[in-house]
Protein chains: 2
Amino acid sequence: MKISTKTQYGLKAIIYLAGNSKKGCFCSIKQIAESEGISPDYLEKIISKLEKAGILKAQKGAKGGYSLAMPAKKIKLGELVNVLEGENYFVQCLGGDKKSCSKCKGCLAQNFWQKFQEKLDNFLNSVSLEDLIKNKF
Amino acid sequence: MKISTKTQYGLKAIIYLAGNSKKGCFCSIKQIAESEGISPDYLEKIISKLEKAGILKAQKGAKGGYSLAMPAKKIKLGELVNVLEGENYFVQCLGGDKKSCSKCKGCLAQNFWQKFQEKLDNFLNSVSLEDLIKNKF
DNA sequence: ACAAAGCCGACAAATCTTGTCGGCTTTATC
DNA sequence: GATAAAGCCGACAAGATTTGTCGGCTTTGT
């Protein structure tokens, strides 16, 4: 139960983009990776996911790179976490994915984790990238 | 970023104990493991941690086993998670454990994860084992 | 044409979680 | 006191996941 570096890197990347890709300007992977001290090859995979999810916008070819796909105000951190950690990132029934665990349906423990996940989601979806940058959370 | 099975097993175990070890009676690892479908050897390690942390009480020898070390009302779920996932279970600076990351001090991302952790802790520490059993959370 | 940069899939290394095992100690009971 | 049930403990192994690397392809501005 830790924040994966994937998600931490992803957050650092969008913070960087929020600050550096103004006015239709794009930042390259290399640039972000160097600034944040991340392996460029790995960062590419992370950023690629964010682009497919519609959070970032890509510009191919020379002078290309990435920028936010929308104003920082509209990017909720919950989205970022969902994309990088997976939809049901926190709670997962012990019975496995395919076979729904009959024992767990309505069991006390599972109910609790479910509630826990909700609390998490609520918080993450209440904070936008802009809020984060302005330290308003 | 998932609840580890370790923690899930731990929770199931203390729920079981809350229901089955009344009146100075102890439940053996074997008993709990069978009831919850957990590997006894693995469960032992988990429960042992909880005992060392003072959440459970052990009775050695024949007819021995475990019981809650205090009333369910006094056991906060935050404790359980802290013990099984580790103190700083959520936020961990990218710079590594030993060398404190100077880059990260006061960085936006880190501040945010810190706040996130606080929210988590607040919730987990607001729910007791008793609350959980009575579905009051 | 060229070079910069994104795109993509395969693979490799490292780490962490999960689980197993064997042997020891403690204690209730006969 | 012998026995068996049960906790205690450390080492190790298997499996899963995360993290990272690489090579080659495509796209596009100059």
Quick one: list whatever passes side chain to side chain contact (heavy atoms under 4.5 Å, CB included) with [X], sequence neighbours left out.
X	answer
B/Lys49	B/Lys6, B/Val83, B/Leu84
B/Ser39	B/Asp41, B/Tyr42
A/Ile38	A/Tyr9, A/Glu36, A/Leu43
B/Gln114	B/Val91

Subject >> Under the side chain to side chain donor-acceptor pair (under 3.5 Å) test, residues paired with A/Gln31 that sit two or more places apart >> reply: A/Tyr16
Close N or O pairs between protein and nucleotides 10-15 of chain C (under 3.5 Å):
none

Original post:
Pairs in or reaching into residues 117-137 of chain B: which pass ring-ring contact (aromatic ring centres under 6.0 Å, His included), with residues at least two apart or in two chains?
Top reply: A/Phe112-B/Phe123, A/Phe112-B/Phe137, A/Phe116-B/Phe123
**OP:** Mind calculating the distance between CG (B/Leu43) and P (C/dG19) to the nearest angstrom?
**Re:** 11 Å
Original post:
Taking protein heavy atoms under 4.0 Å as touching, what does nucleotides 24-30 of chain C look like 5' to 3' if B marks base contact, S marks sugar-phosphate-only contact and - marks none?
Top reply: --BBS--
Original post:
Looking at five pairs on each end of the helix from C/dA1-D/dT30 to C/dC30-D/dG1, what is the angle between the two axes, given to 10 degrees?
Top reply: 10°
**OP:** Scan residues 124-137 of chain A for pairs that pass side chain to side chain donor-acceptor pair (under 3.5 Å), counting only residues two or more places apart or in two chains.
**Re:** A/Ser128-A/Asp131
Original post:
Going by the side chain to side chain donor-acceptor pair (under 3.5 Å) test, which pairs reach into residues 58-86 of chain A, not counting sequence neighbours?
Top reply: A/Ser4-A/Glu85, A/Thr7-A/Glu85
